[in-house]
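Everything on this sheet refers to the single structure shown next.
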Amino acid sequence: MAVLGASGSGKSTLIDALANRIAKGSLKGTVKLNGETLQSRTLKVISAYVMQDDLLFPMLTVEETLMFAAEFRLPRSLPKSKKKLRVQALIEQLGIKNAAKTIIGDEGHRGISGGERRRVSIGIDIIHDPILLFLDEPTSGLDSTSAYMVVKVLKRIAQSGSIVIMSIHQPSHRVLGLLNRLIFLSRGNTVFSGSPGSLPRFFAEFGSPIPENENRTEFALDLIRELEGSAGGTRGLIEFNKKWQEMKKENNRQPPLTPPASPYPNLTLKEAIAASISRGKLVSGGESATATAATTLTVPAFANSIWIEIVTLSKRSMLNSRRQPELFGIRLASVVITGFILATVFWRIDNSPKGVQERLGFFAFAMSTMFYTCAEALPVFLQERYIFMRETAYNAYRRSSYVLSHAIVAFPSLIFLSVAFAATTFWAVGLDGGPMGFLFYCLIILASFWSGSSFVTFLSGIVPHVMLGYTIVVAILAYFLLFSGFFINRNRIPDYWIWFHYMSLVKYPYEAVLQNEFSDATKCFVRGVQIFDNTPLGVLPEGMKLRLLDSVSRSLGTTISSSTCLTTGADILTQQGVTQLSKWNCLLITVGFGFFFRALFYFCLLLGSKNKRR
């Protein structure tokens, strides 16, 4: 059945209402199947919805795309060989055998044609052979041949025992010949409902006969547009449609224009669905599973366990990423170049008071760099958002599986980035701690990358636009750096801002690397006359500084020579206000932040991706 009408007539709204894609508060009335009210849970199991946009992973081939759909939608009891056979049968049914090994493609990668892409989109949603199939303008943006091929595929699906309902803008004469039923809408009202063959008679009796050589649907749509622009609108046509349908029922000249009767009129809805399942609909795992599903209709909410979902999602993401190595290459290059610049600017810092200031500057910049580098994770989910919404709308997998696989796929690249940055800077800058110090330095950088990518991923679940997302990420990370303790010590931050200091993601890695560097109690950073460095007295001759030091010694009643240690690492940590947490606690808190933001990302997906219109 095709729903037709001008733009704004309510085609997509009607399809969305039937497919349970409109929020409850915005929709009145009920949807019935075989005369029984259709429950939301049942509809989710027996139906599929194909969106107007082709939402596909660009670097997967047609066969891989359909195979992953089979992994998600077909039951785990079905062996992989059977799933492959189902995919091959579907490729034949969709008429895309020649493109099976070709990647989907995007603006930067050559792939399949627009018509083939549309058929793949349909294939993803019919992999489990649904009883009900809804499509929102499946032919929009296609040439007439591609549009005909798409509708021909839909005709074959309908002949296999499915109900196919689609909205269509302006079907060609050939496409019209494939349709069984039409509904014309005008501003949300039905102005015609019946078979394509009854169109000439309907309009002839209305008083506007269709000329012989004119496309029927084009004539009907043009007439409806004319009426919409007139004073009385389409009210006359709406009333005529009601009377015409009643008249046909009374005269019994043709079957009543109601939905076709069920092949099993005496069965309840549950039994009718079970009968469809027993005929091969809703592909199930073998004969025993078919028998069980057919008698009880206990089709599980999800086809697979959470672990299988995580493995399949991870495999798909890794395959898509592996075919775009330039993305990781650019990220690795940016980290290595940043490390190289820092290493050459802060080359072999000494242990003088100026060296201490330079170390603090290096750590603050290095730790904030970890977080800014993570901003590239923002588009990852934003690009996949609508694919995710389409797949979870019909229970292809759990949201929790997506969150976990998202984290698993992201983590290995973070290890490479951490080791690359640590190796580039640790020895070149002359940091302290030896092999164990380097290991902790690697761990805290990895923890920073982890919490940073988790934070950015969480934001991508809230913010729908890339540019808006980047603006927010850069602003918040700047605030984190401001309150990290580098620009202003914890003891000097006003009480009304101290809460932000403890929320700052940069604070904990910054304090951890300071402790890693300055924890050696035997290491001295200010000796004798170095006490005058970084002050106006620093320009005095060495002899004058020694005499001043001698005067200070006598005043204090103690001996301070040019080799006396006046400031150790512990003193620097106290001066910086790094006294509350150990470096290992800082590491754990940073890792904890990562898990916290992943949990928030999950709740964002749970609450914000209902895939329903208002």
Check this for me: does any side-chain nitrogen of one of Glu205 and Arg201 sit under 4.0 Å from a carboxylate oxygen of the other?
yes

Check the angle between the aromatic planes of Phe601 and His406 and answer parallel, tilted or perpendicular using the 30° and 60° thresholds.
tilted

Check: Gly236 main-chain N/O paired with Glu239 side-chain donor or acceptor under 3.5 Å
no

State the CG-CG distance between Leu227 and Leu237, to the nearest 0.5 angstrom.
6.0 Å

Under a 4.5 Å cut-off applied to non-hydrogen side-chain atoms, are Val164 and Met1 in contact?
no

Strictly under 6.0 Å, is that where the ring centroids of Phe240 and Phe202 end up?
yes

With a 4.5 Å heavy-atom cut-off, do Leu182 and Leu176 have their side chains touching?
yes

Between the CG atom in Leu185 and the CG atom in Leu4, the distance rounded to the nearest 0.5 Å is 8.5 Å

Between OG1 of Thr312 and CZ of Phe68, what distance do you get to the nearest 0.5 Å?
7.5 Å

Checking Arg73 side chain against Asp125 main chain: does a donor-acceptor pair fall under 3.5 Å?
no

Could you walk me through whether Arg174 and Val151 pass the side chain to side chain contact (heavy atoms under 4.5 Å, CB included) test, one step at a time?
CA-CA 10 Å; Arg174 287 201 302 164; Val151 180; over 6 Å; no

Other residues, nucleotides and ligands only: do more than 12 of their heavy atoms fall within 6.0 Å of NE2 on His173?
no

State which residue, out of Glu391, Glu64, Glu384, fulfils the salt bridge (Lys or Arg N to Asp or Glu O under 4.0 Å) condition with Arg316.
Glu391

Separation of Asn189 CG from Phe184 CZ (nearest 0.5 Å)
15.0 Å

Is the count of non-hydrogen atoms from other residues, nucleotides or ligands lying under 6.0 Å from Asn98 atom CG greater than 12?
no

Given the options Asp54, Asp136, Asp143, Arg118 meets salt bridge (Lys or Arg N to Asp or Glu O under 4.0 Å) only with Asp54

Counting only heavy atoms not in Lys152, do more than 12 sit closer than 6.0 Å to its NZ atom?
no

Are the side chain of Ser198 and the backbone N or O of Gly194 linked by a donor-acceptor pair below 3.5 Å?
no

Note: Lys83-Glu63 ion pair, threshold 4.0 Å (strictly below):
no

Please state whether the rings of Trp244 and Phe192 are parallel, tilted or perpendicular, taking 30° and 60° as the class boundaries.
tilted

Neighbour count above 12 (heavy atom, 6.0 Å) for Phe596 CZ:
no

When you compare the side chain of Ser460 with that of Arg385, does any pair of heavy atoms fall below 4.5 Å?
no

Give a yes or no on whether the backbone of Ile96 and the side-chain of Arg119 come within a donor-acceptor separation of less than 3.5 Å.
no

What's the verdict on side chain to side chain contact (heavy atoms under 4.5 Å, CB included) for Thr268 and Glu36, showing C-alpha distance, side-chain angles and the deciding distance?
CA-CA 8 Å; Thr268 64; Glu36 290 182 38; 3.6 Å; yes

Close side-chain approach of Leu74 to Arg86, heavy-atom, < 4.5 Å
yes

Checking Glu92 now: which residues fulfil salt bridge (Lys or Arg N to Asp or Glu O under 4.0 Å) with it, not counting sequence neighbours?
Lys97

Arg399 versus Phe388: any side-chain heavy-atom pair under 4.5 Å?
yes

Closer than 4.0 angstrom, basic N to acidic O: yes or no for Lys315 and Glu71?
no

Report yes or no: do Arg181 and Ser195 form a side-chain donor-acceptor pair below 3.5 Å?
no

As an exercise, state the distance from CZ of Arg117 to CG of Leu55, rounded to the nearest 0.5 Å.
10.0 Å

Could you verify whether a donor N or O on one side chain and an acceptor N or O on the other, from Ser317 and Asn320, lie under 3.5 Å apart?
no

Checking the side chain of Ser401 only, and the main-chain atoms of Tyr397 only, is there a donor and an acceptor separated by less than 3.5 Å?
no

Which value, rounded to the nearest 0.5 Å, describes the distance between Met67 atom CE and Ile91 atom CD1?
10.0 Å

Listed once per pair and sorted, the salt bridge (Lys or Arg N to Asp or Glu O under 4.0 Å) pairs that draw on residues 3-13, sequence neighbours left out
Lys11-Glu137

Whether Ser47 side chain and Leu43 backbone form a donor-acceptor pair below 3.5 Å:
yes

Quiz item: cation-pi between Arg390 and Tyr49, 6.0 Å / 45°
no

Do Glu309 and Tyr402 have a side chain donor and acceptor closer than 3.5 Å?
no

So, the side chain of Gln324 versus the backbone of Ser321: is there a donor-acceptor pair under 3.5 Å, distance only?
no

Can you name the one residue among Ile122, Ile124, Ile126 that meets side chain to side chain contact (heavy atoms under 4.5 Å, CB included) with Leu90?
Ile126

Applying side-chain hydrogen bond (donor to acceptor under 3.5 Å, both in side chains), run through Thr13 and Asp16 and close with a yes or a no.
CA-CA 5 Å; Thr13 307; Asp16 285 346; 5.9 Å; no

More than 12 non-hydrogen atoms from neighbouring residues, nucleotides or ligands closer than 6.0 Å to CZ on Arg323, yes or no?
yes

Is there a side-chain contact between Leu133 and Val50, using heavy atoms and a 4.5 Å cut-off?
yes

